[in-house]
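What you are looking at is a predicted structure, and each value in this text was computed from that prediction instead of being measured. Every heavy atom of this structure was used, including side-chain atoms; hydrogens, water molecules and symmetry mates were not.
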Amino acid sequence: MNRIASRLIAALVLVAMTFVVAACGSSSSDKSSSSGQAKSNGGNPNQGKKGGKLEQLGASDVDFLDPGQTYYTGGYQVLYATQKTLYSFQPGVADPKPDLAASPPQISSDKKSVTVELKKGVKFAPPVNREIQAKDIKYAFERAFSKNVPNQYSVYFNFIEGAPKTPGAVQDISGIQVDPSDPYKITFKLSKAQAVPFAAFLVMPVTTPVPREYASKFDKQSPSTYNENVVASGPYMVENDASGKLTGYKAGKTIHLVRNPNWNKATDFRPAYLDEILLRANATDANVAGRQVLSGQGLTLDTNPPAQVLKRVVQRSKGQLKTVPSGGFRWFPMNQTVKPLDNVNVRKAIIAGFDRDAARKARGGDFVGPIATHFLPPGIPGFEESGGLKGPGFDFLANPKGDMAVAAKYMKAAGYPSGKYTGNDEILMITANVDPGKAQAEVAKAQVEKLGFKVRLRTVPQDAVYTEWCQQPAKKVGICGSAGWFKDFTDPQSMLEPTFKGSAISKSGGNNNLGQLNDPKIDKAMDDAALLAGKARNQAWGNIDKMITDQAPAVPFVWDNTNLIHSKNVNGVASEYFTAFDLSFTSLK
């Protein structure tokens with residue numbers, strides 16, 4: 001699962017520090033020691049040739065084009081080319097930049113209020129065509145609380161004063177205030193002193209402006225049909241007709257981006273070199289698509305290339321490769337509501353016997369990242385506190401190639417005297433129908449079957465892995481065979497809370513706690529850690545990572561690097577934020 005961004009607070013590194021300094025009035029000596037420069041993504045975002053058409057080959061559609069709902073890499077890639085969020089990122093620079101905002105957020109001394117001033121002169125694309133104001137941000141948040149715009153963001157802002165306790169119709173939220181005398185100022189009043197992390201959240205898609213007078217008729221539908229009628233605010237737009245209908249979106253096939261005629265370069269830091277972008281979602285053979293990209297013109301691949309293609313590009317064509325540390329993990333979640341995975345010793349046995357190195361090789365070997373020993377990845381605060389590269393020291397994760405003797409010990413503890421499974425339950429595993437997701441799941445199936453389990457592997461399109469299967473508790477998916485999680489912020493809470501908090505489990509779908517871990521002690525520890533700062537915060541989340549790992553909710557097998565390939569005539573610039581080619585900075589040579 002690809003998703004992605006950055007949080008702040010005294011010791012929370014990178015993104016947040018710029019906001020903290022500006023908002024709280026600190027002196028320059030209080031700034032982070034970070035220079036503000038991230039690891040180079042291999043392309044120069046400030047040098048490109050204007051014009052031309054880029055084509056991206058992929059086997060998967062976006063989850064949503066609606067900014068109130070999109071949560072995966074494909075959707076982020078389109079959104080950050082077609083929309084202006086309050087704050088966003090320039091490739092190669094760690095700190096967020098004001099995008100639709102005119103300046104950093106202003107945080108009150110009691111940490112219960114955040115105020116943002118908007119730029120003037122930024123307009124919506126056709127057919128709306130008017131200037132964007134604070135009321136459009138207010139409506140964007142209010143619709144995100146409604147039942148017709150289901151999303152996975154509310155955990156980060158459900159403490160806004162007056163926020164609905166349960167989703168219903170779009171309603172006014174008293175804690176989101178627009179100054180009648182200043183239509184470019186918006187203030188968020190919070191019921192908890194969490195203004196600093198809330199300010200860091202303002203880089204995310206849900207902060208995209210949405211015009212009420214245009215979108216409300218779509219938002220009255222269940223679910224909202226704004227997804228097929230989205231209006232742009234950024235340099236590009238999905239091609240549409242006079243009514244706003246997205247004629248450039250063919251679900252499961254293509255997304256056609258063209259220039260937004262109302263975009264004003266003077267109000268944007270993005271260069272937007274390309275004239276036209278075609279994103280294909282029907283290139284189902286990633287091996288063929290990868291070879292086409294490497295030998296063709298004006299092409300990129302939308303995801304990590306299969307292992308054999310990655311090997312070829314590393315050996316022969318490194319100039320066509322961009323590697324971006326993703327700040328995330330890849331894992332095989334095990335659903336604790338499905339027998340026999342409801343037994344913690346069964347789950348520990350599966351992890352103990354699992355050759356995680358074999359799964360990594362199926363993705364491309366050590367080039368794709370180090371083998372994971374727990375869930376917080378390198379670069380995220382709390383990583384060292386939870387064990388660093390060596391991990392927390394649990395025996396069932398000690399051997400990356402698997403240890404059948406340790407696996408047998410846990411199987412016996414689970415009630416299987418032979419050390420292998422002797423029951424009749426079949427485990428359903430869902431994975432992507434293309435490599436590398438398909439290849440890694442085939443390895444996972446063999447690893448689980450070593451212990452006598454019966455596994456039925458089903459392949460589906462990558463976007464359906466989540467939206468139609470692994471996120472749907474009613475489908476009773478036992479193991480998700482091509483899952484990953486990538487930072488929403490550079491903060492441990494964004495890594496562990498959505499994925500492992502029991503109270504965050506959604507029974508109606510859109511559930512990111514794929515293993516459905518539901519431990520009240522872990523939930524309580526998360527609630528307490530959310531209010532901490534600095535070293536205490538990092539230690540608390542490191543301890544939570546250990547608690548989660550001890551419950552064996554998944555097989556963690558790699559702390560992921562994202563590898564992206566492009567044609568020789570493409571100046572490919574990758575975003576460290578959403579770990580894909582940034583379409584607003586990529587150009588043709």
Exercise. Using a distance-only test with no angle check, is there a side-chain donor-acceptor pair under 3.5 angstrom linking S146 and N148?
Worked result: no

Exercise. Is there a donor-acceptor contact under 3.5 Å from the side chain of D523 to the main chain of G502?
Worked result: yes

Problem set entry | Main-chain N/O of A439 paired to D435 side chain as donor or acceptor, under 3.5 Å | yes

For this session: Flag the pair D395 and K409 as a salt bridge only when some basic side-chain nitrogen lies within less than 4.0 angstrom of an acidic carboxylate oxygen.
Result: yes

Exercise. Are any side-chain N or O atoms of K339 and backbone N or O atoms of D425, one a donor and one an acceptor, separated by less than 3.5 Å?
Worked result: no

Exercise. If we only count heavy atoms from C-beta on, is the T549 to F394 side-chain gap below 4.5 Å?
Worked result: yes

For this session: Check whether the side chains of Q336 and N518 place a donor and an acceptor atom closer than 3.5 Å, and report yes or no.
Result: no

Problem set entry | Interatomic spacing from OG1 in T70 to CD in Q83 - rounded to 0.5 Å | 10.5 Å

For this session: Using modelled atom types only, decide if a donor and an acceptor are shared between the side chain of S575 and the backbone of A580 within a distance under 3.5 Å.
Result: no

Problem set entry | Pair F557 + F329: ring centers closer than 6.0 Å | no

Problem set entry | Flag, side chain of R356 to backbone of A372, donor-acceptor distance under 3.5 Å | yes

Exercise. Within the side chain of R280, is there an N or O that forms a donor-acceptor pair under 3.5 Å with the backbone of G58?
Worked result: no

Problem set entry | Heavy-atom donor-acceptor pair, Q447 side chain to I350 backbone, under 3.5 Å | no

Exercise. More than 12 non-hydrogen atoms from neighbouring residues, nucleotides or ligands closer than 6.0 Å to NZ on K475, yes or no?
Worked result: yes

Seminar exercise, completed: From the list F396, F500, W559, ring-ring contact (aromatic ring centres under 6.0 Å, His included) with H374 holds only for W559

For this session: State, with a plain yes or no, whether a side-chain heavy atom of D582 is found less than 4.5 Å away from one of Y80.
Result: no

For this session: Determine, stepwise, if the pair Q516 / K507 fulfils side chain to side chain donor-acceptor pair (under 3.5 Å).
Result: CA-CA 10 Å; Q516 297 195 57; K507 297 297 184 183; 3.1 Å; yes

Problem set entry | Presence of salt bridge, K401 and D357, under 4.0 angstrom | yes

Exercise. Quick one: do the T300 and H566 side chains pair a donor with an acceptor below 3.5 Å?
Worked result: no

Exercise. Will you find, in the side chains of K438 and Q462, an N or O donor that is under 3.5 Å from an N or O acceptor?
Worked result: no

Exercise. Can you name the closest pair of heavy atoms from L301 and L564 and give their distance?
Worked result: O-CD2, 4.4 Å

Exercise. Going by heavy atoms in the side chains, are Y72 and Q77 under 4.5 Å from each other?
Worked result: no

Problem set entry | Min side-chain heavy-atom separation P492-D545 under 4.5 Å | no

Problem set entry | Exercise: do N512 and Q471 side chains pair donor with acceptor under 3.5 Å | yes

Seminar exercise, completed: d(K318 NZ, I565 CD1) to nearest 0.5 Å is 15.0 Å

Exercise. Is the shortest distance from a Lys or Arg side-chain nitrogen in K450 or D355 to a carboxylate oxygen in the other one below 4.0 Å?
Worked result: no

Problem set entry | From K322 atom NZ to N561 atom CG, the distance as rounded to the nearest 0.5 Å | 15.0 Å

For this session: Apply the ring-ring contact (aromatic ring centres under 6.0 Å, His included) test between F141 and each candidate in Y153, Y156, F157; give the one that qualifies.
Result: F157

Exercise. Charged N to carboxylate O under 4.0 angstrom, D560 versus R330?
Worked result: yes

For this session: State, to 0.1 Å, how close A407 and G353 come at their nearest heavy-atom pair, and which atoms those are.
Result: CB-N, 3.7 Å

For this session: Quick one: pull up CE in M547 and CH2 in W541 and give me the separation to the nearest 0.5 Å.
Result: 10.5 Å

For this session: Would you check, one step at a time, whether the test salt bridge (charged side-chain N to carboxylate O under 4.0 Å, His left out) holds for D519 with K501?
Result: CA-CA 8 Å; D519 187 322; K501 193 172 188 179; over 6 Å; no

For this session: Could you tell me whether the side chain of P340 reaches within less than 4.5 Å of the side chain of N343, counting heavy atoms only?
Result: no

For this session: Any chance you could lay out the ring-ring contact (aromatic ring centres under 6.0 Å, His included) test for F89 and F578, step after step, and finish with the verdict?
Result: CA-CA 10 Å; F89 294 88; F578 52 82; 9.3 Å; no

Exercise. What is the ring orientation for F159 with F198, classed by angle as parallel under 30°, tilted 30 to 60°, or perpendicular over 60°?
Worked result: perpendicular

For this session: Examine distances only and state if a side-chain atom of K445 and a backbone atom of G481 form a donor-acceptor pair shorter than 3.5 Å.
Result: no

Problem set entry | Nearest non-hydrogen partners of L341 and R347, listed with the distance | O-NH1, 2.8 Å

Exercise. Are T323 and N563 close enough that a side-chain donor and a side-chain acceptor fall under 3.5 Å?
Worked result: yes

Problem set entry | Any donor-acceptor pair under 3.5 Å from N304 side chain to T562 backbone | no

Exercise. Atom CE in M334, atom CG in D342: separation rounded to 0.5 Å?
Worked result: 12.0 Å

For this session: Show the numbers, then the answer: is there a side chain to side chain contact (heavy atoms under 4.5 Å, CB included) between D302 and L57?
Result: CA-CA 6 Å; D302 78 328; L57 305 183; over 6 Å; no

Exercise. Does any non-hydrogen side-chain atom of Q69 lie less than 4.5 Å from one of V206?
Worked result: no

Problem set entry | Min side-chain heavy-atom separation Q194-L531 under 4.5 Å | yes

Exercise. Just wondering, do L514 and N335 contact through their side chains at under 4.5 Å, heavy atoms?
Worked result: no

Problem set entry | Lys/Arg N to Asp/Glu carboxylate O, D491 vs R537, below 4.0 Å | yes

For this session: Check the surroundings of atom NZ in K454: do more than 12 heavy atoms from other residues, nucleotides or ligands lie under 6.0 Å from it?
Result: yes

Exercise. Between the main-chain N or O of D463 and the side-chain N or O of S60, is there a donor-acceptor pair closer than 3.5 Å?
Worked result: yes

